[in-house]
Amino acid sequence: MELAPRMKKIPPYLFANLDKAREEEEKKGEKICNLAIGDPVEPTPPEMVEFLAHSVGKGENHRYSPYAGILSFRSAVADWYRERFNVSLDSEKEVLALIGSKEGIAHIFLAFVGTGDTALIPDPGYPVYRTAALMADGEPYPVPLLEKNDFLPDFGKIPEETARRSKILFLGYPNNPTAAAASLDFLKEAVEYCRKRDILLCYDNAYSEITYDGFVAPSILQVPRAKEVAVEFNSFSKPYNITGWRLGCAVGNQKAVEALGVVKNNIDSSVFMAIQEAGIFALKNGKKWIQKTVEIHRRRRDFLVETLRTAGFQISSPKGTFYLWVKTPRGFSSADFSTFLLKEAKVLAAPGSGYGEFGEGYVRFSTTVKDELFEKACGKIKEACREKIFSK
Ligand SMILES: *Cc1c(COP(=O)(O)O)cnc(C)c1O
């Protein structure tokens with residue numbers, strides 16, 4: 001049996017090599033602290049779990065959901081967007097339930113990218129954007145996110161001919177993996193860029209609620225006329241610590257929402273209705289839970305930033321996400337530094353090169369580890385870097 005040609009273009013799993021190195025350390029009896037993945041360990045708010053349990057008990061919830069999601073869920077999303085962003089949405093035409101936002105992010109390419117079509121993909125970036133473009137037999141064009149530009153794309157550097165051929169531009173702030181934030185002014189520029197070239201602007205707002213120091217993340221849909229070109233993906237995973245439940249939404253441009261709905265209608269049958277009901281409950285009651293979650297990650301962010309500064313790094317505190325994107329010490333590639341941290345500090349950090357060629361020279365730390373383990377890991381990072389890198 002032979003795999004389809006598109007499968008040959010899919011790069012191996014991001015952390016495959018690193019996992020091997022970790023297994024070797026673990027075989028030696030070392031306990032490794034995993035700061036490489038962003039999967040919150042804090043429990044889901046108990047009220048939300050209780051609500052879900054109740055919803056699971058309702059027999060009518062065990063049947064197929066309407067393909068776009070139940071209307072009460074879509075209305076709750078529209079209400080939340082009005083309250084949170086002052087954005088108005090037609091819950092029937094401009095809101096779609098997703099089985100986690102990753103599902104919609106991957107499937108939107110099938111609706112808009114044909115064989116050989118170009119997709120503008122941020123680099124470094126969440127790996128799904130690129131692989132989903134490849135799965136649709138499209139051609140991902142990497143748009144560099146450089147530190148000197150605050151990890152925002154420089155639209156002037158994209159060749160005009162490439163832009164004119166492009167069907168999709170993906171962006172998302174607060175950004176994974178760089179932890180950079182974007183202002184509404186930048187989002188205006190992005191909408192303008194896409195409007196002029198008739199490109200679908202896909203905005204990944206998975207971290208809209210995970211922000212610090214008073215920063216409030218905007219929605220792309222706050223930009224006037226954004227709905228003409230933009231669709232936004234949002235996720236329940238990170239704000240409510242429910243990565244395993246699978247719940248998200250796509251909102252905005254009607255054509256994009258409808259086309260994504262057609263793709264999904266032919267692949268899945270939407271989200272378990274009990275989970276959608278728990279999602280409604282979270283949207284109506286979750287503000288205080290989110291504040292608690294954010295406070296936990298802010299404390300860890302501060303601890304890690306302080307740790308790295310004391311060790312000899314020059315870094316600033318990110319305004320959002322639960323990541324820290326750190327330039328490797330002089331002479332270290334991403335893989336070198338990840339390996340160093342694994343061997344010397346027993347800490348797993350994600351090599352930036354796994355997020356694209358422009359991620360080379362960085363590693364990503366996440367704050368999704370329990371306090372005690374996290375602080376212990378920080379201590380070891382500080383010691384190893386101070387003694388074996390910055391003392392030289
Ligand atoms: C976690 C994450 C997602 C996916 O979230 P789900 O809703 O759990 O699928 C999407 N985009 C980014 C950038 C993420 O970090």
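The structure presented is a predicted model; accordingly, all values stated were derived computationally and were not measured. Both ligands and their constituent atoms are indexed starting at 1 by order of listing.
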Do the ring planes of Phe186 and Phe155 sit parallel (below 30°), tilted (30 to 60°) or perpendicular (above 60°)?
parallel
Kindly confirm or rule out a cation-pi arrangement of Arg364 over Tyr355, judged by NZ or CZ under 6.0 Å from the six-membered ring centre and within 45° of its axis?
no
For Lys58, give me all partners under side chain to side chain contact (heavy atoms under 4.5 Å, CB included), at least two apart in sequence or on another chain.
His54, Glu60, Asn61, Glu277
Can you list every protein residue that has a heavy atom under 4.0 Å from any atom of ligand 1, sorted by chain and residue number?
Gly100, Ser101, Lys102, Ile105, Tyr126, Asn176, Asp204, Ala206, Tyr207, Ser235, Ser237, Lys238, Arg246
Check ion pair Glu192-Lys188 (N to O, under 4.0 angstrom)
no
Determine all donor-acceptor pairs shorter than 3.5 Å in which one atom belongs to a side chain in residues 135-144; sequence neighbours excluded.
{"unit_1": "Asp137", "atom_1": "OD1", "unit_2": "Arg6", "atom_2": "NE", "d": "3.4"}
{"unit_1": "Asp137", "atom_1": "OD2", "unit_2": "Arg6", "atom_2": "NH2", "d": "3.3"}

Would you list the atom pairs, donor with acceptor, under 3.5 Å between side chains in residues 370-383 and any protein atom, with sequence neighbours excluded?
{"unit_1": "Asp371", "atom_1": "OD1", "unit_2": "Arg300", "atom_2": "NE", "d": "2.8"}
{"unit_1": "Asp371", "atom_1": "OD1", "unit_2": "Arg300", "atom_2": "NH2", "d": "3.4"}
{"unit_1": "Asp371", "atom_1": "OD2", "unit_2": "Arg299", "atom_2": "NH1", "d": "3.4"}

